[in-house]
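Read the numbers this way: they start at 1 and go in the same order the structure lists the ligands and their atoms.
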Amino acid sequence: MTDVLTPEQRRLNMSRIRGKDTKPEMIIRKGLHAAGLRFRLHAKELPGRPDLVFPRHQSAIQVHGCFWHGHHCPMCRLPATRREFWSAKISGNRERDQRTSAALLTAGWRLLTIWECSLRGPARRPEEEVLACCSDFFRSGRQQEEVAGVWDRINTEHRATSA
Ligand SMILES: [Zn+2]
């Protein structure tokens with residue numbers, strides 16, 4: 001896959017990996033708050049300490065960085081050095097995410113995962129669209145859903161320009 005981030009973007013990306021108040025998370029927090037939704041942050045008593053918890057909707061939202069949480073998208077690209085280390089680290093994170101989301105669902109919570117690439121990078125969607133996905137999820141009654149960037153569109157454009 002082609003590298004979608006400039007070195008500068010990648011450096012910023014790496015520096016934010018462990019950050020709690022990452023930009024995508026702040027976009028979601030601000031947007032949903034403005035829409036009148038009330039939530040708690042990083043609820044310690046729930047599996048995986050979900051980023052946002054909406055008790056009224058019995059729902060949680062996780063805003064996942066694509067690199068750290070191993071999203072199958074071009075923004076999860078291993079660094080050139082210590083690839084084995086990063087690969088093992090990210091697989092471990094993915095397994096942990098799967099365990100905690102299963103535990104949340106078993107406990108009767110609904111879970112929406114918002115991937116970083118839906119709000120940052122070349123495949124990002126308009127913020128309003130991602131926020132609308134959140135409201136739709138609350139109304140839908142579905143157990144689990146994910147919001148990601150529109151990589152299909154990028155791939156199609158790439159094919160069109162390189163044809
Ligand atoms: Zn992604």
Side-chain angles (χ1 to χ4, degrees), residues 1-32 39 41-42 47-53 59-102 104-105 109-138 140 142-162:
M1 288 198 191
T2 51
D3 196 346
V4 294
L5 299 178
T6 65
E8 172 68 5
Q9 283 171 324
R10 183 164 302 286
R11 192 185 60 74
L12 283 171
N13 214 11
M14 298 291 284
S15 71
R16 286 192 189 119
I17 280 165
R18 271 304 204 181
K20 267 232 169 71
D21 297 326
T22 56
K23 193 167 169 244
E25 186 180 334
M26 292 309 290
I27 292 170
I28 296 298
R29 278 159 61 169
K30 281 188 188 140
L32 293 182
F39 46 84
L41 299 175
H42 311 293
R49 301 181 56 174
D51 293 327
L52 287 80
V53 172
S59 297
I61 291 184
Q62 291 278 35
V63 185
H64 277 349
C66 293
F67 175 76
W68 195 249
H69 292 270
H71 193 209
H72 292 300
C73 85
M75 277 166 67
C76 183
R77 199 162 168 276
L78 290 181
T81 56
R82 306 181 73 208
R83 294 179 73 92
E84 277 179 28
F85 166 81
W86 284 112
S87 175
K89 187 87 192 156
I90 290 167
S91 315
N93 291 344
R94 282 180 57 86
E95 282 162 25
R96 192 192 55 209
D97 287 342
Q98 278 161 14
R99 278 197 306 275
T100 55
S101 54
L104 266 179
L105 297 176
W109 288 82
R110 299 163 56 215
L111 176 62
L112 177 67
T113 302
I114 298 177
W115 290 100
E116 175 189 17
C117 57
S118 68
L119 290 163
R120 285 186 66 227
R124 69 180 177 276
R125 302 160 178 260
E127 286 176 19
E128 312 77 64
E129 192 180 308
V130 177
L131 293 167
C133 290
C134 300
S135 319
D136 288 349
F137 177 72
F138 292 141
S140 72
R142 285 189 291 272
Q143 265 221 303
Q144 193 173 14
E145 203 162 277
E146 297 192 10
V147 183
V150 280
W151 292 106
D152 288 354
R153 183 191 66 200
I154 305 260
N155 294 337
T156 309
E157 281 168 10
H158 182 69
R159 269 198 298 276
T161 51
S162 58

task = To the nearest 10 degrees, calculate the angle at the Zn ion (ligand 1) involving SG of C73 and SG of C66.
result = 110°
key: C117 N/O/S atom closer than 2.8 Å to the Zn ion (ligand 1)   = yes
task = Just give me the atom name: the N, O or S atom of H71 closest to the Zn ion (ligand 1).
result = ND1
task = Describe, in one word, how the ring planes of W86 and W68 are oriented to each other, choosing from parallel (under 30°), tilted (30 to 60°) and perpendicular (over 60°).
result = perpendicular
task = Output yes when a side-chain donor or acceptor of R29 lies under 3.5 Å from a complementary backbone atom of D51, and no otherwise.
result = no
Check: E116 side chain, C66 main-chain N or O, donor-acceptor pair, under 3.5 Å = yes
ask   = Would one find an N, O or S atom of H72, in either backbone or side chain, under 2.8 Å from the Zn ion (ligand 1)?
value = no
query = Relative to each other, are the rings of H69 and H64 parallel, tilted or perpendicular (30° and 60° limits)?
reply = parallel
